[in-house]
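All remarks here apply to the structure that follows.
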Amino acid sequence: ESRFTPITGATRFRLAPWCYEAPNGIYHDYRADYYDLLDLRDLVRAFPNGFTEADVEARGLPAQQIDEWLREGYLVPARG
């Protein structure tokens, strides 16, 4: 069953199912390419169950970085 859940500051994010971490970057299947996104890689490694806006800010990144990664298709909200 699908239901709308608004994104808030407490929402956890993870790599989208069509993306994965590889030795040469984050692979994005829909773009068919690897991207050297060190900040995203570090967050994924540090928070395997998903990271929040606060986790991003604690690493010195703006919270808006999540919005950019969402728009580019690297992230999805984590479930559960």
Side-chain angles (χ1 to χ4, degrees):
E1 179 178 323
S2 181
R3 62 185 164 93
F4 173 74
T5 304
I7 292 175
T8 68
T11 302
R12 288 181 304 113
F13 298 91
R14 63 175 183 81
L15 278 181
W18 48 88
C19 294
Y20 64 87
E21 184 186 349
N24 51 337
I26 302 288
Y27 184 76
H28 191 302
D29 194 37
Y30 290 126
R31 295 178 181 215
D33 206 354
Y34 295 89
Y35 295 88
D36 192 18
L37 302 170
L38 298 178
D39 292 328
L40 180 55
R41 183 206 62 196
D42 291 346
L43 283 161
V44 169
R45 287 179 179 178
F47 302 98
N49 294 320
F51 54 86
T52 65
E53 189 176 289
D55 297 325
V56 170
E57 289 176 329
R59 294 192 172 254
L61 299 169
Q64 295 83 3
Q65 184 63 63
I66 290 175
D67 296 332
E68 183 178 330
W69 288 329
L70 276 168
R71 279 192 310 275
E72 293 176 355
Y74 291 103
L75 296 180
V76 293
R79 291 184 174 242

Classify the ring geometry between His28 and Tyr35 as parallel (under 30°), tilted (30 to 60°) or perpendicular (over 60°).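 Taking Tyr35 first and then His28, their aromatic rings stand perpendicular (interplane angle over 60°).
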
Can you label the angle between the Tyr20 ring and the Tyr34 ring as parallel, tilted or perpendicular, going by 30° and 60°?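 Geometry flag for Tyr34 against Tyr20: perpendicular rings.
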
So [Y] and [X], do their side chains get closer than 4.5 Å, heavy atoms only?
X     : Y     : value
Arg14 : Val76 : yes
Gln65 : Asp39 : no
Phe13 : Ile7  : yes

For a quick test of reading the model, state the closest non-hydrogen atom pair linking [X] to [Y] and the distance between them.
X     : Y     : value
Arg59 : Ala46 : NH2-CB, 3.0 Å
Ile26 : Cys19 : CG2-CB, 4.3 Å
Asp55 : Gly50 : OD2-O, 4.5 Å
Leu38 : Asp36 : CD2-OD1, 3.3 Å

Identify every side-chain donor-acceptor pair in residues 66-75 under 3.5 Å, counting partners at least two apart or on other chains, and give the distances.
none

Please identify each residue that fulfils side-chain contact (heavy atoms from CB on, under 4.5 Å) with Pro23, with sequence neighbours left out.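 side-chain contact (heavy atoms from CB on, under 4.5 Å) check on Pro23 returns nothing, list empty.
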
Is there a path of hydrophobic side-chain contacts, each under 4.5 Å between heavy atoms, that joins Leu15 and Leu61?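 Yes; tracing contacts between hydrophobic side chains, which count when under 4.5 Å, links both residues.
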
